Student: 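Sharing a structure below in structure tokens format, with a few things to ask.
Everything quoted here is computed from the prediction, not taken from an experiment.
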Amino acid sequence: MKLIHVLLFAFLAGMNLPVSAQGEKSTTVLITPAPPEDWSKLSDSNASKLRRLQQSGTYKWLLLVRVGNLAKIQKEGILTFAIPSTGEKATYKAKKVVAYSESDFTWYGFSADGEALFICKEGRLSGNFRVNGRSFELSSIEGEDELSVLTESPIHQDLECGR
């Protein structure tokens, strides 16, 4: 009986499953739009919060995404990635990286078009980046291991105090 379990384990371990089925982060793509069915994977509380945020007008748009492994995607201090929903590519050169481990680090980079700051805590990546005068924010969702939110802030959102 033990031999059957060992053989079954060896067979399953050797299967070439898609990355998403294994729960591993991509090592080639930083930000990927999550399929629509991933909304149903969110807790009721998180889904409700995100829908309220979408309707609030605080952001130009909000997108549910999956985030790759920045530490493995950047090559020799250069980070290039596509921004979902825009078709734009962003490329940054690292200016300062403080790494405690592959899953805990701060990565700051710049380009002629903007700058980027990413913070990874326990493998959960969040950050802000600017491209061509546009501001984006990547936020991990509390309690959701595989899903994050990408938002774009409105252009020239002027705030006035006391009015």
Side-chain angles (χ1 to χ4, degrees), residues 19-20 23-75 77-161:
V19 169
S20 61
E24 294 178 15
K25 296 181 181 268
S26 172
T27 57
T28 58
V29 179
L30 186 63
I31 305 170
T32 306
E37 59 269 15
D38 278 357
W39 277 93
S40 65
K41 293 179 182 179
L42 293 169
S43 70
D44 290 342
S45 172
N46 283 336
S48 176
K49 287 176 189 175
L50 290 178
R51 285 192 178 95
R52 281 194 310 267
L53 254 180
Q54 269 184 325
Q55 296 167 354
S56 72
T58 304
Y59 300 104
K60 283 181 89 172
W61 52 261
L62 178 147
L63 184 64
L64 196 61
V65 296
R66 293 181 177 267
V67 180
N69 184 329
L70 184 146
K72 292 186 177 180
I73 293 170
Q74 64 100 39
K75 301 293 183 209
I78 305 294
L79 176 63
T80 299
F81 60 94
I83 304 168
S85 290
T86 70
E88 292 180 75
K89 281 205 171 197
T91 299
Y92 302 95
K93 181 177 181 177
K95 184 171 185 175
K96 183 176 183 181
V97 177
V98 178
Y100 303 101
S101 70
E102 192 174 295
S103 61
D104 289 294
F105 60 86
T106 301
W107 193 99
Y108 171 70
F110 67 96
S111 71
D113 299 325
E115 58 191 6
L117 173 64
F118 292 102
I119 299 170
C120 190
K121 285 282 193 197
E122 298 177 4
R124 312 253 328 134
L125 189 68
S126 295
N128 296 291
F129 55 97
R130 292 181 175 266
V131 178
N132 298 323
R134 298 167 70 186
S135 297
F136 300 88
E137 184 174 331
L138 178 66
S139 304
S140 58
I141 304 171
E142 189 173 331
E144 306 291 342
D145 290 335
E146 297 181 14
L147 299 171
S148 296
V149 175
L150 179 65
T151 57
E152 181 181 358
S153 298
I155 297 173
H156 305 298
Q157 184 177 19
D158 294 325
L159 301 175
E160 292 184 31
C161 295

Student: Quick one: closest heavy-atom pair of Thr91 and Ile78, and the distance?
Tutor: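 Scanning both residues completely, I find the closest heavy atoms to be CG2-CG2, 3.8 Å.
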Student: What pair of heavy atoms forms the shortest contact from Lys93 to Trp107, and how long is it?
Tutor: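 So the minimum-distance heavy-atom pair works out to C-CH2, 4.2 Å.
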Student: Do Asp38 and Arg66 pass the side-chain contact (heavy atoms from CB on, under 4.5 Å) test, and can you show the C-alpha distance, the side-chain angles, and the key distance before you say yes or no?
Tutor: CA-CA 10 Å; Asp38 278 357; Arg66 293 181 177 267; 2.7 Å; yes
Student: Working to the nearest 0.5 Å, report the span between CG of Leu70 and CD1 of Ile31.
Tutor: 9.5 Å
Student: Does the side-chain contact (heavy atoms from CB on, under 4.5 Å) test come out yes or no for Glu122 and Asp104, once each step is laid out?
Tutor: CA-CA 6 Å; Glu122 298 177 4; Asp104 289 294; 4.2 Å; yes
Student: Does the distance from a Lys or Arg side-chain N to an Asp or Glu carboxylate O, for Lys41 and Glu144, drop under 4.0 Å?
Tutor: no
Student: Would you give the length of the straight line joining atom NZ of Lys95 to atom CZ of Phe110, rounded to the nearest 0.5 angstrom?
Tutor: 6.0 Å
Student: Measure the spacing between OG1 of Thr151 and CG of Asn128 and express it to the nearest 0.5 Å.
Tutor: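 Interatomic distance, Thr151 OG1 to Asn128 CG, rounded to 0.5 Å: 8.0 Å.
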Student: Measuring from atom OG1 of Thr86 to atom CD of Glu152, what distance do you get when rounded to the nearest 0.5 angstrom?
Tutor: 7.5 Å
Student: Taking all atoms of both residues into account, what is the closest heavy-atom pair of Pro84 and Trp61, and its distance?
Tutor: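 So the two residues come closest at O-CH2, 3.6 Å.
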Student: Looking at Leu30 and Leu125, what are the two nearest heavy atoms and their distance?
Tutor: CD1-CD2, 3.9 Å
Student: Taking all atoms of both residues into account, what is the closest heavy-atom pair of Ser135 and Arg130, and its distance?
Tutor: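 Heavy atoms of Ser135 and Arg130 come nearest at OG-NH1, 3.0 Å.
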Student: Test your reading of the model: is there a side-chain donor-acceptor pair from Ser140 to the backbone of Ser126, 3.5 Å cut-off?
Tutor: no
Student: To the nearest 0.5 Å, what is the distance between OH (Tyr59) and CZ (Phe136)?
Tutor: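 With rounding to 0.5 Å, OH (Tyr59) is 13.0 Å from CZ (Phe136).
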Student: Has the side chain of Lys75 got a donor or acceptor atom that lies under 3.5 Å from a matching backbone atom of Lys72?
Tutor: yes
Student: Would you say Lys25's side chain and Gly123's backbone share a donor-acceptor pair under 3.5 angstrom?
Tutor: yes
Student: Output yes when a side-chain donor or acceptor of Asn69 lies under 3.5 Å from a complementary backbone atom of Ser26, and no otherwise.
Tutor: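 Checking the backbone N and O of Ser26 against the side chain of Asn69, no donor-acceptor pair under 3.5 Å is found.
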Student: Over all heavy atoms of both residues, which pair between Ala47 and Trp39 is shortest? Give the atoms and the distance, please.
Tutor: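 Scanning both residues completely, I find the closest heavy atoms to be O-CZ3, 4.2 Å.
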Student: In sequence, state the C-alpha distance, the side-chain angles, and the governing distance for Arg52 and Ser56, and then conclude on side-chain hydrogen bond (donor to acceptor under 3.5 Å, both in side chains).
Tutor: CA-CA 6 Å; Arg52 281 194 310 267; Ser56 72; over 6 Å; no
Student: Return the orientation label for the Phe118 and Phe81 ring planes: parallel under 30°, perpendicular over 60°, tilted otherwise.
Tutor: perpendicular
Student: Please answer whether the main-chain N or O of Glu142 pairs with a side-chain N or O of Asn46 as donor and acceptor at a distance below 3.5 Å.
Tutor: yes
Student: Mark yes or no for whether Arg124, through its side chain, and Ile141, through its backbone, hold a donor-acceptor pair below 3.5 Å.
Tutor: yes
Student: Taking Ser40 for the side chain and Glu37 for the main chain, is one N or O donor matched with an acceptor at less than 3.5 Å?
Tutor: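 Yes.
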Student: In Å and rounded to the nearest 0.5 Å, what is the CG to CD distance from Leu63 to Gln54?
Tutor: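 Interatomic distance, Leu63 CG to Gln54 CD, rounded to 0.5 Å: 9.0 Å.
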